[in-house]
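Working notes, structure below.
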Amino acid sequence: MDSAEELRRARELVTGAGHIVAMTGAGVSTDSGIPDFRGPNGVWTKNPGAERMSNLSAYVGSRQVREEVWQARVRHPGWAARPNAAHHALAELERSGRLAAIVTQNIDGLHQRAGSAPERVVELHGTMFDTVCLGCGDRRDMREALDRVAAGETDPPCLLCGGILKSATISFGQALDAKVLHRAKEHAQACDLMLVAGSSLTVHPAAGLVGLAASAGATVVVCNASETPYDDQAAAVLRGPLGEVLPALV
Ligand code: NAD
């Protein structure tokens with residue numbers, strides 16, 4: 001756990017803020033059994049070769065990559081995951097009336113399942129619960145594609161146009177939805193405190209929202225087990241496990 005002094009300071013800042021925006025990453029969901037990418041048990045830490053599965057040009061250019069991605073999607077721990085104490089703490093902060101939004105890089109829907117209002121959750125990197133056709137844009141429930149994979153289609157094409165089907169998530173090399181990014185920027189500029197939780201803050205433009213909030217005058221509190229490039233802009237940095245830190249903060 002963090003030094004009592006640092007925790008006390010962070011708590012004072014959170015308690016004194018009236019318009020908090022949380023910026024969350026994969027670290028809030030590790031206690032729910034979904035590994036992050038870059039933490040000690042991260043998917044890429046253990047298997048650097050897995051990075052290509054999150055790359056748009058590799059996905060579009062290789063049927064083999066798509067087949068691997070569909071197999072991984074079927075087995076994704078997110079289907080069975082349940083929200084943990086970190087998600088519940090943020091939902092609690094929202095009920096107190098001071099958390100205006102959660103801008104999340106996560107695709108697992110666990111904030112909403114913990115009780116955070118869906119309209120207050122900005123999913124910067126999309127959701128694993130839908131598919132989208134890269135050709136015609138047709139959007140559907142992921143269940144349908146997973147059923148097709150289970151029935152033997154190793155790379156199910158779009159049922160409307162035959163195009164490449166993909167989860168409705170943002171891969172590296174893929175642009176974020178402009179409207180979603182715009183909303184996230186508005187939240188970053190409007191908050192008086194940005195609470196970062198469980199992100200290495202290395203993926204852009206998501207990470208840049210922290211700098212945007214800071215330059216608009218917000219106080220930044222970083223809760224993350226390892227260092228981030230924004231720690232020196234933070235008024236408090238907590239390294240303890242999020243399942244303890246976030247409940248203690250709120
Ligand atoms: P990241 O893997 O780069 O960083 C996660 C950070 O969380 C690490 O620095 C790690 O030290 C910290 N962390 C992990 N567990 C923690 C815990 N219990 N307590 C405190 N700190 C903890 O993740 P990122 O910054 O979110 O960026 C990775 C990208 O991967 C994002 O684009 C995201 O969309 C995607 N992703 C999402 C999920 C998910 O939806 N759950 C899972 C993996 C990756």
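Start at 1 and go down the list; that is how both ligands and their atoms are numbered.
Looking from atom 39 (C) of ligand 1 to the surrounding protein, the closest heavy atom is D108 OD2, 3.5 Å. For atom 13 (N) of ligand 1, the nearest non-hydrogen atom of the protein is G27 CA, 3.7 Å. Shortest contact from atom 10 (C) of ligand 1 to any protein heavy atom: D36 OD2, 3.5 Å. Closest protein heavy atom to atom 34 (O) of ligand 1: Q105 O, 2.3 Å. In this structure, atom 27 (O) of ligand 1 lies nearest to the protein heavy atom R38 NH1, 3.6 Å. Ranking the protein heavy atoms by distance from atom 37 (C) of ligand 1 puts N106 OD1, 3.8 Å first. Ranking the protein heavy atoms by distance from atom 6 (C) of ligand 1 puts N224 OD1, 3.4 Å first. Nearest non-hydrogen protein atom to atom 32 (O) of ligand 1 is H125 ND1, 2.6 Å.
Side-chain contact, E67 with Q71: no donor N or O sits under 3.5 Å from an acceptor N or O. No side-chain donor-acceptor contact under 3.5 Å links E92 and H88.
Counting non-hydrogen atoms of other residues, nucleotides and ligands closer than 6.0 Å to CD of E186 gives a total above 12. Applying the 6.0 Å contact sphere to CZ of R82 captures no more than 12 heavy atoms from other residues, nucleotides or ligands.
Only backbone heavy atoms of P35 (N, CA, C or O) come within less than 4.0 Å of ligand 1; its side chain stays farther off. Contact annotation: for T30 versus ligand 1, heavy atoms closer than 4.0 Å belong to the side chain alone. When non-hydrogen atoms are compared, ligand 1 lies under 4.0 Å from the backbone of A225 as well as from its side chain.
Atom numbering of ligand 1 starts at 1 in the shown order; those under 4.0 Å from a heavy atom of F37 are 2 (O), 28 (C), 29 (C), 30 (O), 35 (C), 43 (C), 44 (C). Residue-ligand proximity, A26 to ligand 1, at heavy-atom distances under 4.0 Å covers atoms 23 (O), 24 (P), 26 (O), 38 (C), 42 (C), 43 (C), 44 (C). Each of the atoms 26 (O) of ligand 1 lies under 4.0 Å from some heavy atom of G25. Counting the atoms of ligand 1 from 1 in the order shown, those under 4.0 Å from a heavy atom of G198 are 5 (C), 6 (C), 7 (O).
For G240, the closest heavy-atom approach to ligand 1 falls below 4.0 Å. Proximity of G42 to ligand 1 is not established, as no heavy-atom distance is less than 4.0 Å.
Taking the six-membered ring for Trp and thresholds of 30 and 60 degrees, F129 and W79 have ring planes more than 60 degrees apart, a perpendicular arrangement. Ring planes of H111 and H87: perpendicular class, angle over 60° (limits at 30 and 60°).
When the side-chain hydrogen bond (donor to acceptor under 3.5 Å, both in side chains) test is applied to R139, the partners found at least two apart in sequence or on another chain are D130.
Residues E51 and W44 share a closest heavy-atom pair of CA-NE1, 3.6 Å.
A side-chain contact (heavy atoms from CB on, under 4.5 Å) with L13 is found for exactly one of L193, I20, L249, namely L193. Evaluated for a side chain to side chain donor-acceptor pair (under 3.5 Å) with T154, the options R148, Q64, E68, R63 yield exactly one hit, R63.
An N or O contact shorter than 3.5 Å links I107 to ligand 1 by distance. The distance criterion of under 3.5 Å between nitrogen or oxygen atoms is not met by P241 with respect to ligand 1.
Of the listed residues (S226, S29, S199, G243), the one carrying the non-hydrogen atom nearest atom 11 (O) of ligand 1 is S226. Selection from V196, L242, I34, T45 by nearest heavy atom to atom 20 (C) of ligand 1 gives L242.
In this structure a side-chain-to-backbone donor-acceptor pair under 3.5 Å is missing from D147 to E144. A donor-acceptor pair under 3.5 Å is absent between the side-chain atoms of S62 and the main chain of Y59, judged by distance alone.
Under 4.0 Å is where a charged nitrogen must lie from a carboxylate oxygen, and between R183 and D177 no such pair does.
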